[in-house]
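Let me give you the structure first, and then I'll get to my questions.
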Amino acid sequence: MLSRFGRGIQMLSVQPDTKPKGCAGCNRKIKDRYLLKALDKYWHEDCLKCACCDCRLGEVGSTLYTKANLILCRRDYLRLFGVTGNCAACSKLIPAFEMVMRAKDNVYHLDCFACQLCNQRFCVGDKFFLKNNMILCQTDYEEGLMKEGYAPQVR
């Protein structure tokens, strides 16, 4: 089953006068006080787990995600299949789990967040400028302004 959207998990109390339901995870009868209903199947609370991190999905929320025959928590679904968008510098996709830098509406891989003229990487606290959708270091920005015929205002 393929899905891009979360599917609901319901916790139900088992009625003593009903026939025990079979668990979709372990195929044993559910004799517990509570059971989970998800993906139109019934589960022991311990059997409905994320295929990656093994967390119990009934405990982490009321949503699960499925793709490529995997049942996943939201975090692992986004880590494996989500994207943040395209890097404004290299145009490649940025996976949702990857750390990024942002400048206005632009998103960048950490490695791509550098002056697009001299390739100088920025450190914490460095000034950078966004001109014509390009990230520039202070030196290249000021040189560009000088070539255009006016000096930047220093405050």
Side-chain angles (χ1 to χ4, degrees), residues 1-138 140-141:
M1 175 172 286
L2 296 175
S3 172
R4 288 189 152 256
F5 305 105
R7 296 183 180 264
I9 301 172
Q10 294 177 297
M11 179 174 278
L12 307 171
S13 60
V14 175
Q15 303 301 317
D17 57 344
T18 60
K19 180 181 170 193
K21 300 195 182 321
C23 175
C26 68
N27 294 320
R28 287 184 266 150
K29 298 288 181 200
I30 302 173
K31 297 178 183 173
D32 302 345
R33 186 172 174 192
Y34 296 99
L35 59 82
L36 298 175
K37 183 176 182 185
L39 304 172
D40 296 324
K41 297 176 184 173
Y42 297 97
W43 308 76
H44 288 106
E45 290 179 79
D46 287 339
C47 291
L48 187 58
K49 295 180 183 179
C50 174
C52 286
C53 70
D54 228 20
C55 71
R56 291 171 40 160
L57 293 171
E59 291 178 356
V60 296
S62 59
T63 307
L64 62 81
Y65 296 79
T66 60
K67 187 162 181 167
N69 291 326
L70 296 172
I71 296 174
L72 303 164
C73 67
R74 182 178 192 278
R75 193 186 103 234
D76 284 326
Y77 176 81
L78 290 174
R79 185 176 62 80
L80 293 171
F81 302 109
V83 291
T84 303
N86 288 9
C87 176
C90 72
S91 301
K92 293 180 182 168
L93 283 176
I94 302 174
F97 62 87
E98 192 170 307
M99 296 289 290
V100 297
M101 294 299 291
R102 294 181 187 275
K104 294 203 178 196
D105 294 331
N106 296 337
V107 183
Y108 302 87
H109 295 106
L110 288 181
D111 289 341
C112 294
F113 195 69
C115 177
Q116 290 177 293
L117 291 179
C118 71
N119 295 320
Q120 174 190 330
R121 298 270 318 260
F122 296 108
C123 297
V124 175
D126 285 351
K127 282 186 178 180
F128 67 91
F129 299 85
L130 195 59
K131 181 157 173 89
N132 299 330
N133 229 18
M134 286 179 58
I135 307 172
L136 301 173
C137 66
Q138 188 165 1
D140 286 331
Y141 176 74

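Everything quoted here is computed from the prediction, not taken from an experiment. Excluded from the calculations below are hydrogen atoms, water molecules and symmetry mates; all remaining heavy atoms, backbone and side chain alike, are included.
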My understanding is that only residues two or more places apart in sequence, or in another chain, count here; which of them pass ring pair (Phe, Tyr, Trp, His ring centres under 6.0 Å) with Tyr34? none
Quick one: does any side-chain atom of Asp76 pair with a main-chain N or O of Cys73 as donor and acceptor, under 3.5 Å? no
Write out all pairs satisfying salt bridge (Lys or Arg N to Asp or Glu O under 4.0 Å) with one or both partners inside residues 104-123, taking only residues at least two apart or from two chains. Asp111-Arg121
Inter- and intrachain pairs under side chain to side chain donor-acceptor pair (under 3.5 Å), touching residues 37-48, at least two apart: Asp46-Arg56
Which residues pass the side-chain contact (heavy atoms from CB on, under 4.5 Å) test with Lys19, sequence neighbours left out? none
Test of understanding: with side-chain contact (heavy atoms from CB on, under 4.5 Å), list the residues that count as partners of Val107, not counting sequence neighbours. Thr84, Ile94, Val100, Arg102
Do Leu136 and Leu117 make a side-chain contact, defined as non-hydrogen atoms from C-beta onward lying under 4.5 Å apart? yes
Set of side chain to side chain donor-acceptor pair (under 3.5 Å) partners for Asn106, sequence neighbours left out: Tyr108, Asn133
Would you please name every residue forming a salt bridge (charged side-chain N to carboxylate O under 4.0 Å, His left out) with Asp140, sequence neighbours left out? none
For the side chain to side chain contact (heavy atoms under 4.5 Å, CB included) test, which of Leu39, Leu35, Ile9 pairs with Leu48? Ile9
In chain order, what residues pass the ring pair (Phe, Tyr, Trp, His ring centres under 6.0 Å) check against Phe128, with sequence neighbours excluded? Phe113, Phe122
Calculate, to the nearest 0.5 Å, the distance between atoms NZ and CD1 belonging to Lys21 and Ile30 respectively. 8.5 Å
Taking side chain to side chain contact (heavy atoms under 4.5 Å, CB included) as the criterion, tell me which of Leu72, Ile71, Leu36, Thr63 meets it with Leu57. Ile71
Among residues at least two apart in sequence or on other chains, which ones pass side chain to side chain donor-acceptor pair (under 3.5 Å) with Gln138? Glu142
Say you draw a straight line from OH of Tyr141 to NZ of Lys131; how long is it, rounded to the nearest 0.5 Å? 6.0 Å
